[in-house]
2 protein chains.
Amino acid sequence: MNRATGAVKGKRVVMVCGVPMDMANCPVRDVMDNIGGKWNSLMILSLADGPLRFSELRRLIPDISQRMLTQTLRDLQRDGYLSRTVYPTQPPSVEYALTELGRSFLVPLKLFVDWSLQNHDAIRKARAEYDAVA
Amino acid sequence: MNRATGAVKGKRVVMVCGVPMDMANCPVRDVMDNIGGKWNSLMILSLADGPLRFSELRRLIPDISQRMLTQTLRDLQRDGYLSRTVYPTQPPSVEYALTELGRSFLVPLKLFVDWSLQNHDAIRKARAEYDAVA
DNA sequence: TGCTGTGGTTACGGAAAGGGTACCGCCATG
DNA sequence: CATGGCGGTACCCTTTCCGTAACCACAGCA
């Protein structure tokens, strides 16, 4: 395999692990930007067990502000991770649920969560050692 | 399972998927901050096939600035994902390699990359539909 | 007559991330 | 002598993220 920079139709393409990565339109970075926000992945995990209403989410995650809750839900809805259903009750209730896409994302997300829990101590240790030397 | 907010020793703890999440010291968010940067995960992937030197990485990822390359490598080294070895040649050459921790992270990372590649079209489609309605 | 809950939107501002440019010492090459 | 590669550092700027606070309509309840 040639691990060098390639040029395909004028695009900047990087070969990584044998897979061409289009830097100008990178799917991985696109997804990472979506779920890399402060609350996005936690929101998906919170909805893993079933739909929840706006105020239920607010009580479930007390640290999030109303503004960020709205924005996070909008972003995830926009990218297709979850659906928003309004029930015309009085007062109107809004239910958020994972879509098929959102549920499929739980697989890599949970693996990532497990890795984080297992290796967090090692990371903190490495960080402390690095800071001690510097 | 009780999906409610709990209070353990004054810490803010959220139950999610049956796992208690300490919001003030969350391992997942800590790891996410590390590898959620613009270049961090690409850097780890670039080193998956073997060690590379500073200038090799610069040529491999042409879009990164020298400043960001240095900063990304420092961050990943600090958290223990990669090692930095200086060879006293003339001029001195510096080699970056994944540590055991870094290699173990390739497992969830590659799953995430695969998911992104598979579902990027669905996300773009959902986004376009959302924007069309709004 | 206020107060609470539901589901938000908007304005404002600080902090952090990201990036451009210039510059450094050292050495080899032309 | 000048240029280029190596592996960075310092300074400054722009953009994005995120939080606080205020405000909205509507209904129920005291």
Side-chain angles (χ1 to χ4, degrees), chain A residues 4-5 12 23-24 26 29-30 32-43 46-47 51-79 82-97 130 133-134, chain B residues 5 12 23-24 26 29-43 46-47 51-79 82-97 130 133-134:
Chain A
T5 318
R12 292 183 304 275
M23 298 302 293
C26 176
R29 183 169 299 166
D30 200 7
M32 194 89 81
D33 287 346
N34 297 337
I35 58 89
K38 185 169 182 180
W39 304 104
N40 301 34
S41 58
L42 181 59
M43 196 66 56
S46 300
L47 292 170
L52 289 174
R53 292 178 53 184
F54 186 87
S55 44
E56 289 176 320
L57 284 167
R58 202 144 70 99
R59 280 189 291 269
L60 186 64
I61 311 172
D63 282 11
I64 196 171
S65 68
Q66 206 164 2
R67 171 186 143 78
M68 287 313 295
L69 180 55
T70 302
Q71 184 177 308
T72 303
L73 290 169
R74 286 293 175 282
D75 288 349
L76 292 176
Q77 183 195 354
R78 186 171 108 100
D79 288 343
L82 50 85
S83 63
R84 178 177 185 269
T85 311
V86 182
Y87 294 102
T89 58
Q90 216 39 273
S93 66
V94 182
E95 195 175 78
Y96 294 91
Y130 182 93
V133 172
Chain B
T5 318
R12 292 184 302 277
M23 299 302 294
C26 176
R29 183 169 299 167
D30 200 8
V31 174
M32 192 89 81
D33 286 346
N34 296 338
I35 59 89
K38 186 166 181 180
W39 304 104
N40 301 35
S41 58
L42 181 59
M43 195 68 55
S46 300
L47 292 170
L52 289 173
R53 292 178 52 183
F54 187 87
S55 44
E56 289 176 319
L57 283 168
R58 199 145 70 98
R59 280 189 291 269
L60 185 66
I61 310 172
D63 281 12
I64 197 172
S65 68
Q66 206 163 0
R67 174 186 141 77
M68 288 311 294
L69 179 55
T70 302
Q71 184 176 307
T72 303
L73 290 170
R74 284 295 173 282
D75 288 349
L76 292 176
Q77 182 196 354
R78 184 170 110 101
D79 287 344
L82 50 85
S83 63
R84 178 177 184 270
T85 312
V86 181
Y87 294 101
T89 57
Q90 216 42 268
S93 65
V94 181
E95 194 175 79
Y96 293 93
Y130 183 93
V133 172

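Values in this document were obtained by computation on a predicted structure and should not be read as measured data. Chain naming here is simple, since letters A, B, ... match the order of the sequence lines and numbering starts at 1 in each.
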Exercise. Whole Å only: how far is the CZ atom of A:R53 from the P atom of C:dG8?
Worked result: 10 Å
For this session: For A:E56 and C:dG8, give me the distance from atom CD to atom P, rounded to whole Å.
Result: 13 Å
Exercise. What is the distance from NZ of A:K38 to P of C:dA16, rounded to the nearest Å?
Worked result: 11 Å
For this session: Under 4.0 Å between any heavy atoms, over every strand shown, what does B:Y87 touch: base, sugar-phosphate, or nothing? Just pick one.
Result: nothing
For this session: Using a heavy-atom cut-off of under 4.0 Å over every strand shown, decide if A:S65 touches base, sugar-phosphate, or nothing.
Result: base
Exercise. Per the end-axis method with five pairs at each terminus, what is the bend angle of the helix from C:dT1-D:dA30 to C:dG30-D:dC1, to 10°?
Worked result: 20°
Seminar exercise, completed: Taken to the nearest whole Å, CG/B:L52 to C1'/D:dC6 is 16 Å
Exercise. Any side-chain heavy-atom pair from B:N34 and B:D75 closer than 4.5 angstrom?
Worked result: no
Exercise. Within the structure shown, what part of the strands sits under 4.0 Å from A:T70 by heavy-atom distance: base, sugar-phosphate, or nothing?
Worked result: base
Exercise. B:R67 has a side chain; which of D:dC11, D:dC6, D:dT20 sits nearest to it?
Worked result: D:dC11
Exercise. Separation of A:M32 atom CE from D:dC17 atom P, in whole Å?
Worked result: 15 Å
Exercise. Given atom CG of B:L69 and atom C1' of C:dG18, what is their separation to the nearest angstrom?
Worked result: 14 Å
Problem set entry | Main-chain N/O of B:Q66 paired to B:R58 side chain as donor or acceptor, under 3.5 Å | no
Exercise. Counting side-chain heavy atoms from C-beta on, which of C:dG8, D:dG7, D:dC18 comes nearest to A:M68?
Worked result: D:dC18
Exercise. Want to settle it: does B:Y96 or A:Q71 sit nearer the 5' end of DNA chain D, counting the closest nucleotide to each?
Worked result: B:Y96
Problem set entry | Flag side-chain contact, heavy atom, 4.5 Å: A:L47 against A:L57 | yes
Exercise. Under a 4.5 Å cut-off applied to non-hydrogen side-chain atoms, are B:L73 and B:F54 in contact?
Worked result: yes
Problem set entry | Non-hydrogen side-chain atoms of A:Q71 and A:R74 separated by less than 4.5 Å | no
Exercise. Just wondering, do B:M43 and B:I61 contact through their side chains at under 4.5 Å, heavy atoms?
Worked result: yes
For this session: Could you identify which residues of residues 72-79 of chain B place a heavy atom less than 4.0 Å from some atom of DNA chain D, listed by residue number, or say none?
Result: B:R74
Seminar exercise, completed: B/S/- along nucleotides 22-30 of chain C (protein heavy atoms under 4.0 Å) is -----S---
Exercise. What is the distance, rounded to the nearest whole Å, between atom CH2 of A:W39 and atom C1' of D:dC18?
Worked result: 10 Å
Exercise. Which part of the nucleic acid, if any, lies within reach of B:R58 when heavy atoms closer than 4.0 Å are counted: base, sugar-phosphate only, or nothing?
Worked result: nothing
Exercise. Is the shortest side-chain N/O distance from A:S55 to OP1 or OP2 of C:dG5 below 4.0 Å?
Worked result: no
Exercise. Just how far, in rounded Å, is C1' of D:dG7 from CZ of B:R59?
Worked result: 12 Å
Exercise. Between the main-chain N or O of B:V94 and the side-chain N or O of B:R84, is there a donor-acceptor pair closer than 3.5 Å?
Worked result: no
